[in-house]
Amino acid sequence: MDTGFIVALVIVLLIVQLAFKMPVWIALASSGLVGILLLRDPKFVTSTLASAPFEQTSTFTLTIIPMFILMGIFAVKARIAGQVFEIARRVFLRLPGGLGISTVAACAGFAAVSGSSIGTAATMSRLSIGEMRKAGYPPSLAGALVAMAGTLGAMIPPSVFLVLYAILSGESIAQMLAAGIVPGILSAIAYMVYILIRTRKMTMTPAGAGGLAAELEAVAQPAAWRDLPYRGLVRLVILFIIIMGGIYSGLFTPTESAAIGALFAAFMLIFEFRKDGIRTMTRQFIEALKETAQTTSMVFAIIVGSAVLSLFFIVARVPQTLASTLTETDLPGWVILAGLLALLIPMGMALESISIMVITVPLIYPIAMDFGFDGVWLGILIVKLIEIGMVTPPVGINVFVVAGTSGLRSSDVFRGVWPFVLIEIVMIVVLFAVPDIVLWLPSLAVE
């Protein structure tokens, strides 16, 4: 049987399974196993099943992922997000669209300790969407803003996506985390500017009756400066310094910094609930550990499934064939790379984000290296494109998270994300054209 036909058959099988809502890791693994069975003998398949799960998950570097996840969940339980949001509301109180701008600022701040796009979106949707609706924000704008700002958790360190890309590609975890800071801040500023312009030109229609003035009075007003929960901001800064400062000062490895960050976040949780009794504190701890186990299990299951599929691609020599075919064309390298990266957008509309990364990085990374592109810069572009997939239909996981936690209709949220998607595309074009925006900060890092 022709190898090209087998590759096409495996891809179709994967798409069909995903269309029928098969768990992603099962779809990845079963599709890869079918392809390997068609190319090699059953003995090779059974040995693959016996070795792949252990080989892919026994790497010590992967321990950084559950540590970052645990730190982020402890930070959520310690109410850091709500405290940062309250401070941001007070800072941006007088600006047009102040609530929306505060939401973006709080998402960016909380992303710096959560490392999770979904966690950031879920937490901020509970805190801010109700307030924005009372202030007259349309449901499409309020929901889309939180869904898109939540994707900052995928870019601003400690991002699980940046860590996973570094592990898959062999790039430095420290440099990947540093590279995410400037693009993440630029995206947050772009969202804020859009909200500022949009709300200036928009007539607010508050939810409910009573007119704008009455509804604005119903919105909980920020506390006075002296009464703000500054402890949340202090905790955020402490965790960020532990992660980034520890790595770049040479005191900790990335894995050690993640573990120490999780430990400090646990202390913050204890301190936050110190007056609520040991029972409440224990319940928060157990919930955090359960959520960490669930998320980590999902990530590692996808890694195992994608490893089987990636092995099929290697056996079928897909990376080598694709690389040789593309390098033999007369097109400039940047055109070829731009085309490959553009494919991530429709993939993001059909696949879960981690699946996209573990499938595409082994294929795109070698080609980009053959053309002489920088691996850290490539990783930022891939994560940026994955961010778009988090808010575009039909998958759009952040949209469904926001809709589920806020009571908004997912169709309303999807309708509102397109201006933000356009902003992201413009940002990607700028980063593609000017790699130094991404690379100047990692260049200062001491490895």
Side-chain angles (χ1 to χ4, degrees), residues 75-114 119-153 156 184-185 187-200 202 204-208 210 212-240 268 272 398 401-402 405-408 413 416 420:
V76 171
K77 300 294 184 182
R79 300 168 178 163
I80 292 177
Q83 293 158 1
V84 172
F85 178 59
E86 186 66 23
I87 295 172
R89 282 190 63 196
R90 192 68 182 83
V91 171
F92 298 107
L93 177 64
R94 301 301 178 187
L95 287 178
L99 264 177
I101 294 173
S102 301
T103 299
V104 175
C107 283
F110 186 63
V113 295
S114 74
T120 301
T123 302
M124 293 309 303
S125 66
R126 295 187 186 99
L127 294 172
S128 64
I129 287 182
E131 298 296 308
M132 285 193 282
R133 290 294 294 125
K134 290 177 183 177
Y137 285 70
S140 58
L141 177 60
L145 173 61
V146 175
M148 199 72 219
T151 64
L152 295 172
I156 296 176
I185 292 174
S187 291
I189 293 173
Y191 302 156
M192 291 178 181
V193 171
Y194 170 73
I195 291 297
L196 185 66
I197 296 172
R198 173 80 183 272
T199 52
R200 273 186 171 180
M202 185 173 61
M204 295 290 196
T205 307
L212 179 59
E215 287 295 336
L216 289 178
E217 288 178 2
V219 178
Q221 294 301 308
W225 286 104
R226 64 180 181 276
D227 298 325
L228 291 174
Y230 292 108
R231 64 186 184 279
L233 185 60
V234 172
R235 292 169 183 172
L236 187 152
V237 172
I238 289 174
L239 291 175
F240 191 78
M268 293 171 184
E272 183 68 24
N398 272 25
V401 167
V402 168
T405 54
S406 66
L408 298 177
V413 183
F420 294 100

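Side-chain contact between T151 and M148 is present, with heavy atoms from C-beta onward closer than 4.5 Å. Side-chain atoms of M192 and L95, non-hydrogen and from C-beta on, never get closer than 4.5 Å to each other. At a threshold of 4.5 Å between non-hydrogen side-chain atoms, the residues L233 and L228 do not count as touching. Between Y191 and L152, some side-chain heavy-atom pair lies under the 4.5 Å cut-off.
Closest non-hydrogen pair, A142 versus R133, comes out as CB-CD, 4.5 Å. Nearest heavy-atom pair, N398 versus A121, reported as atom, atom and distance to 0.1 Å: ND2-CB, 4.0 Å. In this structure, F85 and L127 approach most closely via the heavy-atom pair CE2-O, 3.7 Å. Among all heavy-atom pairs drawn from S102 and A88, the shortest one is OG-O, 3.0 Å. In terms of heavy-atom proximity, G100 sits nearest to Y137 at N-OH, 3.1 Å. Of all non-hydrogen atoms in G150 and C107, the two that sit nearest each other are N-SG, 4.3 Å.
Interatomic distance, CZ of R235 versus CZ of R79, reported as 9.5 Å (0.5 Å rounding). Once rounded to the nearest 0.5 Å, the distance linking CE of M132 with OG1 of T199 reads 11.5 Å. Here L408 contributes atom CG and S125 contributes atom OG; the two are 8.5 Å apart, rounded to the nearest 0.5 Å.
By the salt bridge (charged side-chain N to carboxylate O under 4.0 Å, His left out) test, R231 pairs with E272, sequence neighbours left out.
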Candidate pair T120 and F110, rule side chain to side chain contact (heavy atoms under 4.5 Å, CB included), full reasoning: CA-CA 7 Å; T120 301; F110 186 63; 3.9 Å; yes

Candidate pair I195 and F420, rule side chain to side chain contact (heavy atoms under 4.5 Å, CB included), full reasoning: CA-CA 10 Å; I195 291 297; F420 294 100; 4.1 Å; yes

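Residue I129 forms a side chain to side chain contact (heavy atoms under 4.5 Å, CB included) with just one option from T405, V402, L99, V413, and that option is V402.
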